[in-house]
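See below for the structure under consideration.
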Amino acid sequence: MNYKVDYQPSNAMTFFIGAVAILFVLDVFYGMQLNRWMTLSLGLFMSFFLLNLIYEKMVPDKITVSILERDIRLFNNQEGTLRLRIHNEGWLPVLNGSIILVAGDDIEFFNDTSLKIRHQTETRAVFTVMAKSDITIEIPFRARKRGIVKVMDTRIEVPKIFGFDSLKLTQKGRFLHEILVYPGQLDIPPFDMRSKTLQGLFIQKRALYNDPMLTIGTRSYQQTDSMKDIHWKASAKAGGLQTRIYEKTTHVSWLIAINLRSEKTYAPPSNIEENIEKIAYLTRMASEASIPYSLFTNLSTFDSRTFLKLEEGTGKLHYRKTLETLARIDALSYTLSFDRLLKHIHTHEALPSHLLFTGRTDPAIEDMLKSFRARGVEIFQMDEDDVQPYAFPIRSDDDEPS
C-alpha cells in the first residue's frame, strides 16, 4: 500500500515564513541592518525549512505498508494478530512515526481508540524504520461477532526530523486482505428423525445420519474415513485398520435453506445469528458422518440477482467452505422472497433426500414445500429450540391430509 501527503497548513511554519519575509523586505527595501545573530538564526531557519521540504518530498513516496497474512480465519471470541510490514525504500529514516488503523467492528483492537463510534474499531501503533530497511509490527485484536472484516483505512503520521510539525500520509487504494470470523456452534438437543416401519427396521432416507446397525461389510481404512467408522474386531483379524461399510438403500443428502427475511418484512429474523450457529453445528455433524449437503440462502445481489449458495459436498474441506459461506452472509443485505428461492431450487437444482429450512412459513412457502414432499423429499424445520419434521397445517383447500 502506497501513501500520499495530506497537506495541512502549519501555524508555526506560516508564522516563521511570514517573519522571514518581513525581515527580508525590511533589509532589501528599507536598509534595515540585521545583526549577525539574527542573520545566523534566519540562515539556520531557512536551512531547516529547505531540509524539511526535501524530507517532505522524499519520504512519503518511499514508504509502503503491507499486511502479511492475506486471509485470517478465526472463530468468535478468539484472539488474533494482524501483522504489518512497513518498508522504507528511501535514504532518510522515519523516527517515532505512528500508524492508525481503522477496521469494522466485527473485531476489536485491544487498544481501541474509536470510542465505539460509527461501527468501527481504531488503534494506533508507534514505529521507527531506518533507511533502506523494513520492520514488522503486530496489532492484537479479538473477534467480536460473525462476519467479514477488512482494514478500511490507514493513516501515517511522520514527525519532521528538522522540526515544524509532522507529515500526515493517507493511503492510496485498498488492502487485498480479509478477516473471516466464523460463527459459533450452538448445540441442538438430540433428536430422532427416523420413522419406524417394521420391528427393528428403519428407512434410511428418514434418518439424517447413518445407522450403525446397517453395516454390511468392511474395507481397508482410508485417511478420509472417520475414526468412528473403524471396525476394531475386523481390524484385529485382518492385521490392519478396517472401515465399516454401511447399507445405502437410498442416496442421503441434505439441502439447508436459510431464510434471511422475517415474516412479511425485509428485515432479518431476530434469531438469525442463533440459526446460523445451529447450522454450523449441524453441518459439522454431517461432515463427521460423511453426509453430503448443500447450502442456500435468499441473499441476492443487485447485478446478477443470483442466490448465495454452497454446492453439495462433504468432508472437512467442505465444512471449511461452509464456515466461510456462513461468515459471508450479510443479513442486512438485499434478499429475495423465500418462496422464490424454494422455486429456484425445485426447478434448477438436484433434489435432496432431506430439506431443512429456517424461519416461519406462509401459504406461498407451504405450497412450495408441498411440491418437494410430492417428489419424496423429507422436510424439516429449524425452530427456536431444535429441528423437527415440518407439520403441514391443515387448510380447507388441502387435497390430502398432512
Give a yes or no answer on whether the side chain of Thr121 reaches the backbone of Asp105 with a donor-acceptor pair at less than 3.5 Å.
no
Electrostatic pair Glu366-Lys370, nearest N-O below 4.0 angstrom:
no
Output yes when Arg124 and Glu157 qualify as a salt bridge under the 4.0 Å nitrogen-oxygen rule, no when they do not.
yes
Do NZ/NE/NH1/NH2 and the carboxylate oxygens of Glu274 and Lys278 come within less than 4.0 Å?
no
Do the ring planes of His344 and His348 sit parallel (below 30°), tilted (30 to 60°) or perpendicular (above 60°)?
tilted
Between Ser253 and His354, is any pair of side-chain heavy atoms under 4.5 Å apart?
no
Can you tell me if Arg146 uses its side chain to pair, donor with acceptor, with the backbone of Ile329 under 3.5 Å?
yes
Between the main-chain N or O of Leu101 and the side-chain N or O of Thr154, is there a donor-acceptor pair closer than 3.5 Å?
no
Could you check whether any side-chain N or O of Ser333 sits under 3.5 Å from a backbone N or O of Asp330, counting only pairs where one atom can act as donor and the other as acceptor?
no
Positive for ring-ring contact (aromatic ring centres under 6.0 Å, His included) with Tyr390, one of Phe372, Phe357, Phe380:
Phe357
Could you name each residue pair satisfying ring pair (Phe, Tyr, Trp, His ring centres under 6.0 Å) that touches residues 72-98, not counting sequence neighbours?
Phe75-Tyr182
Would you call the rings of Trp254 and Tyr293 parallel, tilted or perpendicular, taking 30° and 60° as the class edges?
tilted
